[in-house]
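Notes for the one structure printed next.
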Amino acid sequence: MTPLRARALEQEIEEAMPGVDVTVFGKLSDFRTALEANPPSAALSPRPVLASLNRTADLQGLKAGSDAEQYLLVSTKALTKDMLSSHRYGIIDLVERKALPKFVAGLLGVSDAPEVQRVTKIEALLPLLQFQTADAVLLPERFRSDFESKSTMRFVILSLSTAKVGLVAVTFLSNRQVIENAIRKLPKHVMADLGVDEWR
């Protein structure tokens with residue numbers, strides 16, 4: 001989850017890891033296909049993405065000592081916790097399509113899976129509210145100010161204790177030592193774009 005477009009992030013990471021070929025995917029389906037068809041030495045993504053593809057987190061990113069980040073519920077209308085199951089939500093596709101409603105229910109802390117609209121980038125969440133195709137969107141807290149600055153709409157924001165999402169992690173498929181050494185040496189500005197400040 002990054003503010004950069006796929007190509008820009010790909011170039012930034014590749015420049016920081018000389019000798020390592022980097023490919024960034026904007027869609028979960030493309031990422032899954034690449035892992036199956038031509039397995040790389042390592043894969044880096046938010047932890048729920050790896051989990052949905054049955055991959056373990058061999059190296060976990062941390063931010064301020066935590067391995068998860070807070071997501072916010074952003075809407076243009078008042079939200080009450082007892083009505084969360086009845087709303088339509090927009091979210092980045094962090095897990096497979098069929099699993100996404102249940103994943104969102106977990107973030108909301110409800111048992112009934114709601115209706116969910118998937119998007120592939122953060123900026124695609126705003127039109128869901130503008131055109132009322134979603135009642136609320138789930139947004140990483142670190143993107144809040146940028147999100148709010150792009151609209152004149154008045155937002156109602158709810159922070160739920162259950163809305164925590166695993167930060168980026170790495171799974172190694174081969175050649176671990178070389179790739180891990182390169183990842184651990186990523187400069188601070190690249191780490192910041194990945195949403196983490198250290199590895200565990």
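Residues take their numbers from the sequence shown, with the count starting at 1.
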- Side-chain contact test, heavy atoms from C-beta onward, threshold under 4.5 Å: evaluate it for L107 versus T162 and give yes or no. no
- Any side-chain heavy atom of T76 within less than 4.5 Å of one from R154? no
- Message: Let's go through K81 and V110 carefully: what are the C-alpha distance in whole Å and the side-chain angles of both, what is the deciding distance for side-chain contact (heavy atoms from CB on, under 4.5 Å) to 0.1 Å, and is it a yes or a no?
- Response: CA-CA 9 Å; K81 292 184 180 181; V110 298; over 6 Å; no
- Query: Any ion pair linking E69 and K63 (charged N to carboxylate O, less than 4.0 Å)?
  - Reply: no
- Test item: M153 and L126 side chains (from C-beta on) under 4.5 Å apart, heavy atoms: yes
- Item | Nearest-0.5 Å distance, CG of residue D112 to NZ of residue K102 | 12.5 Å
- Item | CA sep, side-chain torsions, deciding dist, call: F172, E180, side-chain contact (heavy atoms from CB on, under 4.5 Å) | CA-CA 8 Å; F172 295 102; E180 182 173 350; 3.6 Å; yes
- Query: With distance as the sole test, does Q117 use its side chain to make a donor-acceptor pair with the main-chain N or O of L128 at under 3.5 Å?
  - Reply: no
- Query: Are side-chain heavy atoms of Q177 and N175 found at a separation under 4.5 Å?
  - Reply: no
- Item | Point-to-point distance, once rounded to the nearest 0.5 Å, from CH2 of W199 to CE of M191 | 5.5 Å
- Item | Rounded distance (nearest 0.5 Å) linking atom CZ of R200 with atom OG of S66 | 8.5 Å
- Query: Backbone N or O of R88 within a donor-acceptor pair of the D135 side chain at under 3.5 Å?
  - Reply: yes
- Message: Would the distance check show the side chain of T56 and the main-chain N or O of D58 forming a donor-acceptor pair, the cut-off being under 3.5 Å?
- Response: no
- Query: Do R47 and D67 come close enough that some side-chain heavy atom pair is under 4.5 Å?
  - Reply: yes
- Locate the shortest heavy-atom distance separating T120 from G26; write the atom from each residue and the value. CB-O, 3.6 Å
- Task: Have a look at L59 and tell me which of I179, V168, L44, V170 forms a side-chain contact (heavy atoms from CB on, under 4.5 Å) with it.
- Result: V170
- Query: Which atom pair, heavy atoms only, marks the closest approach of P40 to S174?
  - Reply: O-OG, 4.3 Å
- Task: Give a yes or no on whether the backbone of A64 and the side-chain of D197 come within a donor-acceptor separation of less than 3.5 Å.
- Result: yes
- Going by heavy atoms in the side chains, are K185 and M17 under 4.5 Å from each other? no
- Query: Within the distance-only criterion (no hydrogens, no angle test), does the side chain of T171 pair as donor or acceptor with the backbone N or O of A43 below 3.5 angstrom?
  - Reply: no
- Pairwise distance OG(S45) to CG(L35) - rounded to 0.5 angstrom: 8.0 Å
- Item | Pair R97 + D93, salt bridge at N-O below 4.0 Å | no
- In short, A169 meets A57 closest at the heavy-atom pair CB-CB, 3.6 Å
- Thinking salt bridges, do E10 and R7 make one under a 4.0 Å N-O criterion? yes
- Item | Hydrophobic cluster identity match, M83 and V116, side-chain contacts under 4.5 Å | no
- Give a yes or no on whether a salt bridge exists between E198 and R184, defined as a side-chain N under 4.0 angstrom from a carboxylate O. no
- Item | Co-membership, hydrophobic cluster, residues L167 and L62, 4.5 Å side-chain | no
- Please name the pair of heavy atoms, one in T133 and one in P127, separated by the smallest distance, quoted to 0.1 Å. OG1-O, 4.4 Å
- Message: Between S151 (side chain only) and E148 (backbone N and O only), is there a donor and an acceptor less than 3.5 Å apart?
- Response: no
- Given I157, which of V74, L79, L73, L139 fulfils the side-chain contact (heavy atoms from CB on, under 4.5 Å) condition? V74
- Message: According to a hydrophobic-cluster definition based on side-chain heavy atoms being under 4.5 Å apart (Ile, Leu, Val, Met, Phe, Trp, Tyr only), do F143 and V156 belong together?
- Response: no
- Item | Heavy-atom pair with the smallest gap, counting every atom of V20 and E14 | O-CG, 3.6 Å
- Task: Scan L28, L53, I92, L94 and name whichever one has a side-chain contact (heavy atoms from CB on, under 4.5 Å) with P48.
- Result: L94
- Query: If you take all heavy atoms of A134 and G90, which pair is closest and at what distance?
  - Reply: CB-N, 3.9 Å
- Item | Side chain to side chain, Y89 and L125, heavy atoms closer than 4.5 Å | no
- Can you hop from L100 to L160 via hydrophobic side chains spaced under 4.5 Å? yes
- Query: Which value, rounded to the nearest 0.5 Å, describes the distance between L129 atom CG and Q132 atom CD?
  - Reply: 9.0 Å
- Query: Could you go step by step and tell me if H189 and E12 meet the side-chain contact (heavy atoms from CB on, under 4.5 Å) rule?
  - Reply: CA-CA 9 Å; H189 73 278; E12 183 179 82; 3.6 Å; yes
- Mind checking whether R144 and F155 have side chains closer than 4.5 Å, heavy atoms only? no
- Item | Within one Ile-Leu-Val-Met-Phe-Trp-Tyr cluster: F103 and L158, side-chain cutoff 4.5 Å | yes
- Yes or no on side-chain contact (heavy atoms from CB on, under 4.5 Å) for L194 and L9, after CA distance, side-chain angles and deciding distance? CA-CA 9 Å; L194 294 174; L9 181 63; 4.3 Å; yes
- Does a side-chain N-to-carboxylate-O contact under 4.0 Å join E96 and R32? yes
- Query: How far does OG of S145 sit from NZ of K150, to the nearest 0.5 angstrom?
  - Reply: 9.0 Å
